[in-house]
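Everything below concerns the one structure shown next.
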Amino acid sequence: MQPSRTDVHLARLLRLIGVCLVAALPAILLPYTVMNALHRDALHLGELPDVVILQYLSRTASLLYAMHGAILVFVSFDVRRYRPLIVVLGYLNGFYGLVAFTVDLVFGMPLWWAAWEGPLIILAAVLTIRLAKRDAADSSELAQVS
């Protein structure tokens, strides 16, 4: 059976998000000096503390992002089979986007960062959920007609 146009769009969206998240993988190996330079010079957030917990959290967060991205790429190859999981992941991503936006504002991330990170994640989550649910509704209507 040919995938619907909605399924194709959903698969492409999941792959795009997934590849962007997998791109966090090299950050696991990023030397502290590079992280500090980015923090200090590119983000203008001052010196990055060189403490064990920060090293641990930055690297494990990068790994979690990459693993989440790999899952999104994986499910994108069979969106019909994984549709319920895709919807759940969409809601979880939307919640994460809300939390990220709040954390960005509360802890003083640059306004441009806060304006992009949370809202972009929320937008991707809404698109994911709408595409997944729209095709599910279309499929059930077709089954009833047949």
Side-chain angles (χ1 to χ4, degrees), residues 1-45 48 53-146:
M1 180 181 217
Q2 270 310 90
S4 69
R5 278 187 9 185
T6 304
D7 277 349
V8 170
H9 292 307
L10 177 58
R12 287 179 180 162
L13 176 64
L14 292 170
R15 288 176 194 151
L16 174 65
I17 298 167
V19 167
C20 289
L21 291 171
V22 168
L25 197 57
I28 295 169
L29 303 174
L30 209 58
Y32 165 78
T33 54
V34 175
M35 285 194 292
N36 185 41
L38 290 169
H39 189 266
R40 182 189 59 235
D41 302 331
L43 297 176
H44 306 291
L45 293 175
L48 185 67
I53 192 68
L54 183 68
Q55 297 290 339
Y56 166 79
L57 289 173
S58 61
R59 292 164 203 303
T60 57
S62 296
L63 179 59
L64 284 171
Y65 271 97
M67 289 170 53
H68 181 59
I71 290 167
L72 293 180
V73 170
F74 177 80
V75 300
S76 77
F77 288 102
D78 195 346
V79 294
R80 288 188 182 174
R81 178 178 181 188
Y82 295 111
R83 187 174 317 283
L85 175 61
I86 292 167
V87 171
V88 169
L89 290 171
Y91 281 112
L92 290 171
N93 287 337
F95 176 71
Y96 175 77
L98 286 171
V99 171
F101 182 67
T102 303
V103 167
D104 290 346
L105 293 177
V106 169
F107 291 100
M109 288 301 287
L111 192 54
W112 63 266
W113 184 294
W116 278 99
E117 183 185 31
L120 191 59
I121 294 167
I122 293 166
L123 175 63
V126 168
L127 288 172
T128 299
I129 294 164
R130 289 197 66 191
L131 286 170
K133 287 189 167 189
R134 178 169 55 189
D135 204 59
D138 292 347
S139 298
S140 66
E141 286 175 19
L142 286 174
Q144 290 173 358
V145 172
S146 301

With a 6.0 Å cut-off (strictly less than), is the heavy-atom count around CZ of Phe95, excluding the residue itself, greater than 12?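 Open: at most 12 neighbouring heavy atoms sit under 6.0 Å from CZ of Phe95.
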
Reference residue Leu13; test side chain to side chain contact (heavy atoms under 4.5 Å, CB included); the match among Val79, Val8, Leu127: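 The single option meeting the side chain to side chain contact (heavy atoms under 4.5 Å, CB included) with Leu13 is Leu127.
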
What residues form a salt bridge (charged side-chain N to carboxylate O under 4.0 Å, His left out) with Arg40, not counting sequence neighbours?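 Per chain and number, Arg40 pairs via salt bridge (charged side-chain N to carboxylate O under 4.0 Å, His left out) with Glu47.
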
To the nearest 0.5 Å, what is the distance between [atom1] on [X] and [atom2] on [Y]?
X: Leu85; Y: Leu89; atom1: CG; atom2: CG; result: 4.0 Å
X: Ile86; Y: Ile71; atom1: CD1; atom2: CD1; result: 12.0 Å
X: His9; Y: Thr128; atom1: NE2; atom2: OG1; result: 13.5 Å
X: Leu72; Y: Tyr82; atom1: CG; atom2: OH; result: 13.0 Å
X: Tyr32; Y: Leu54; atom1: OH; atom2: CG; result: 8.0 Å
X: Asp7; Y: Arg134; atom1: CG; atom2: CZ; result: 10.5 Å

Write out all pairs satisfying side chain to side chain donor-acceptor pair (under 3.5 Å) with one or both partners inside residues 84-109, taking only residues at least two apart or from two chains.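 As it turns out, the side chain to side chain donor-acceptor pair (under 3.5 Å) pairs with a partner in residues 84-109, which skip direct neighbours, are Tyr65-Tyr96, His68-Asn93, Tyr91-Lys133.
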
Shortest non-hydrogen contact between [X] and [Y], atoms and distance:
X: Ser76; Y: Leu14; result: CB-CB, 3.7 Å
X: Arg80; Y: Gln2; result: NH2-O, 3.2 Å
X: Val73; Y: Val19; result: CG2-N, 4.1 Å
X: Gly94; Y: Ala125; result: N-CB, 3.3 Å
X: Arg83; Y: Leu131; result: NH1-O, 4.4 Å
X: Ser62; Y: Ile28; result: CB-CG1, 3.9 Å

Considering residues at least two apart in sequence or located in another chain, which fulfil the side chain to side chain donor-acceptor pair (under 3.5 Å) criterion with Trp116?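 Once residues adjacent in sequence are excluded, Trp116 has no partner under the side chain to side chain donor-acceptor pair (under 3.5 Å) criterion.
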
Pair Leu98-Phe101, side chain to side chain contact (heavy atoms under 4.5 Å, CB included): steps then yes or no: CA-CA 5 Å; Leu98 286 171; Phe101 182 67; 5.9 Å; no

So, the side chain of Arg59 versus the backbone of Leu30: is there a donor-acceptor pair under 3.5 Å, distance only?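 Checking the backbone N and O of Leu30 against the side chain of Arg59, a donor-acceptor pair under 3.5 Å is found.
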
Would Met109 and Leu45 count as a side chain to side chain contact (heavy atoms under 4.5 Å, CB included) if you check the C-alpha gap in whole Å, the side-chain angles of each, and the deciding distance to 0.1 Å? CA-CA 8 Å; Met109 288 301 287; Leu45 293 175; 4.2 Å; yes

